[in-house]
Amino acid sequence: MNSLIKEPTLGKQFVIEKENEFVGFATLYFTFSTTKVKKVSILNDLFIREDYRGKGLGEKLFEFALAYSQNNDYAVMNWKTASDNKTAQSLYNKKGGVNTNNIWINYEIKL
């Protein structure tokens with residue numbers, strides 16, 4: 001998070017607190033798509049503390065990140081979730097998210 005404070009063009013972090021207590025956060029990172037010729041936001045994290053789950057806070061945090069992306073002229077907001085995280089998938093499907101795994105294959109190299 002410190003890098004986002006020092007360099008806010010890299011992304012934003014949104015935090016939920018209740019009664020001065022940390023509840024959850026979402027982190028957006030920013031990049032540019034040459035195929036869309038427009039900015040793209042990447043929802044890298046969406047986390048709600050376990051004792052606050054099931055209260056709609058994850059949905060509100062997702063909506064806030066999405067609204068930020070829409071209001072700041074990003075072409076898309078994209079994200080990943082674990083294949084076994086059915087709760088998150090339910091939220092993302094409800095919000096209109098589309099699984100693009102049939103279009104792209106994700107790779108990584110450990111360094």
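Heavy atoms only: backbone and side chains are in, while hydrogens, waters and symmetry mates are out.
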pair [X]-[Y]: side-chain heavy atoms closer than 4.5 Å:
X      : Y     : value
Phe47  : Thr27 : no
Thr100 : Asn78 : no
Phe22  : Val15 : yes

Report the distance from atom [atom1] of [X] to atom [atom2] of [Y], rounding to the nearest 0.5 Å.
X     : Y     : atom1 : atom2 : result
Gln13 : Leu28 : CD    : CG    : 9.5 Å
Tyr68 : Lys12 : OH    : NZ    : 4.5 Å
Tyr29 : Asn44 : OH    : CG    : 5.5 Å
Leu61 : Ile16 : CG    : CD1   : 4.5 Å
Tyr74 : Thr31 : OH    : OG1   : 10.0 Å

Whether over 12 other heavy atoms sit under 6.0 Å from Lys60 NZ:
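No, because the 6.0 Å sphere around NZ of Lys60 holds 12 heavy atoms or fewer from other groups.
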How about Glu50: does its CD atom have over 12 heavy atoms from other parts shown lying under 6.0 Å from it?
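For Glu50, atom CD is not crowded (no more than 12 foreign heavy atoms under 6.0 Å).
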Side-chain hydrophobic cluster, 4.5 Å single linkage: members besides Phe32:
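Besides Phe32, the hydrophobic cluster comprises Val37, listed by chain and residue number.
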Listed by chain and number, what are the side-chain contact (heavy atoms from CB on, under 4.5 Å) partners of Glu108, not counting sequence neighbours?
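Here the qualifying residues are Lys110.
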By side-chain contact (heavy atoms from CB on, under 4.5 Å) - contacts of Asn106 (at least two apart):
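For Asn106, the residues satisfying side-chain contact (heavy atoms from CB on, under 4.5 Å) (neighbours in sequence not counted) are Lys80, Asn101.
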When you group the ILVMFWY residues by side-chain heavy-atom contacts below 4.5 Å and let the links chain together, are Leu43 and Leu57 in the same group?
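Yes, Leu57 and Leu43 fall within the same hydrophobic cluster.
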Identify whether Trp79 and Phe30 are in the same connected component of the hydrophobic contact network (ILVMFWY, side-chain heavy atoms under 4.5 Å).
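Yes; Phe30 is reachable from Trp79 via cluster members.
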Test salt bridge (charged side-chain N to carboxylate O under 4.0 Å, His left out) applied to Asp51 - qualifying residues, sequence neighbours left out
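Result, salt bridge (charged side-chain N to carboxylate O under 4.0 Å, His left out) vs Asp51: Arg49.
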Partners meeting side chain to side chain donor-acceptor pair (under 3.5 Å) with [X] (sequence neighbours left out):
X     : value
Ser83 : none
Lys86 : none
Asp73 : Lys38
Thr34 : none

Nearest non-hydrogen partners of [X] and [Y], listed with the distance:
X     : Y     : result
Leu10 : Ser3  : CD1-O, 4.2 Å
Thr35 : Ser33 : OG1-OG, 3.0 Å
Leu46 : Ala26 : CD1-CB, 3.9 Å

Residue pairs involving residues 87-97 (criterion side chain to side chain donor-acceptor pair (under 3.5 Å); sequence neighbours excluded):
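Passing the test, one end in residues 87-97: Glu59-Lys94, Glu59-Lys95, Glu63-Lys95.
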Of all residues at least two apart in sequence or in a different chain, which pass the ring-ring contact (aromatic ring centres under 6.0 Å, His included) check with Phe64?
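So Phe64 forms a ring-ring contact (aromatic ring centres under 6.0 Å, His included) with Phe14.
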